[in-house]
Amino acid sequence: MRALRACRSRKGGGGKGKKAQKRQREPRFAFMTKSDIEHLDDGYRWRKYGQKPVKDSPFPRSYYRCTTASCGVKKRVERSSADPTIVVTTYEGQHNHSSPAGHQPRRQAPPR
DNA sequence: CGCGTTTGACCAGCGC
DNA sequence: GCGCTGGTCAAACGCG
């Protein structure tokens with residue numbers, strides 16, 4: 001709780017700076033992974049940029065973003081309300097860069 | 001030293 | 001017309 005944020009110099013554009021992404025033509029791929037860890041390294045680096053509680057779910061939802069340059073892929077991780085051991089990972093966008101060296105992603109073709 | 005993580009607050013659109 | 005929700009950003013701190 002960093003209360004008293006030294007004067008939020010935010011430009012004022014809270015969230016919807018642009019028109020609501022009316023056209024999210026980018027298909028969203030949702031994957032259900034049975035794992036108690038939400039930080040499964042799928043071969044890419046992710047940076048958490050937000051977290052909000054989800055109704056219908058006693059667990060909060062985490063928002064992740066690819067930190068790789070030229071890669072604006074977003075990923076949201078949410079826990080199943082029925083099976084806390086199930087993690088629902090939704091990928092938004094596609095990676096247009098090779099996986100980070102040293103990190104050999106599991107050649108697991110997504111079910112799409 | 002750099003990176004990643006965490007929290008609060010803000011804005012716009014929609015529903016009734 | 002008003003209220004509410006969802007989604008995103010920024011800053012600061014800690015650790016290796």
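Naming: A, B, ... by sequence-line order, numbering from 1 per chain.
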**Message:** When you group the ILVMFWY residues by side-chain heavy-atom contacts below 4.5 Å and let the links chain together, are A/Phe31 and A/Val77 in the same group?
**Reply:**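 Yes, A/Val77 and A/Phe31 fall within the same hydrophobic cluster.
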**Atom pair distance, as rounded to whole Å: OH in A/Tyr63 and P in C/dG6** =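 After rounding, the gap between these two atoms is 8 Å.
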**Between P of B/dC3 and OH of A/Tyr44, the distance in whole Å** =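 These atoms are roughly 21 Å apart.
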**Prompt:** Between A/Arg65 and C/dC9, is there a side-chain N or O to OP1/OP2 distance below 4.0 Å?
**Reply:**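 Checking A/Arg65 against C/dC9: at least one side-chain N or O falls below 4.0 Å of OP1 or OP2.
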**Request:** Verify the contact: side-chain N or O of A/Lys48 to OP1 or OP2 of B/dT6, cut-off strictly under 4.0 Å; return yes or no.
**Result:**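 Yes, within the criterion.
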**Asked** Between OH of A/Tyr64 and OG1 of A/Thr90, what distance do you get to the nearest 0.5 Å?
**Response**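 Answer for the OH-OG1 pair, A/Tyr64 versus A/Thr90, is 13.0 Å.
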**Toward the 5' end of DNA chain C, by each residue's nearest nucleotide, A/Arg47 or A/Arg61** =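 First, find each residue's nearest nucleotide; the 5'-ward one identifies A/Arg61.
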**Item:** Contacts of A/Arg47 that satisfy side-chain hydrogen bond (donor to acceptor under 3.5 Å, both in side chains) - sequence neighbours left out
**Value:**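 For A/Arg47 there are no side-chain hydrogen bond (donor to acceptor under 3.5 Å, both in side chains) partners, ignoring immediate neighbours.
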If you check every side-chain atom of [X], which of [options] has the closest atom?
X: A/Lys55; options: C/dG7, C/dG6, B/dG4; result: C/dG6
X: A/Lys52; options: B/dT5, B/dG4, C/dG7; result: C/dG7
X: A/Tyr49; options: B/dT7, C/dT8, B/dT5; result: C/dT8

**Prompt:** Taking all non-hydrogen atoms of both residues, which atom of A/Ser57 and which atom of A/Arg79 are closest, and how far apart?
**Reply:**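 Looking at all heavy atoms of both residues, the shortest contact is OG-O, 4.3 Å.
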**Given DNA chain B, 5'-ward residue of the pair A/Thr67 and A/Gln51, judged by closest heavy atom** =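 Its nucleotide being nearer the 5' end, the pick is A/Thr67.
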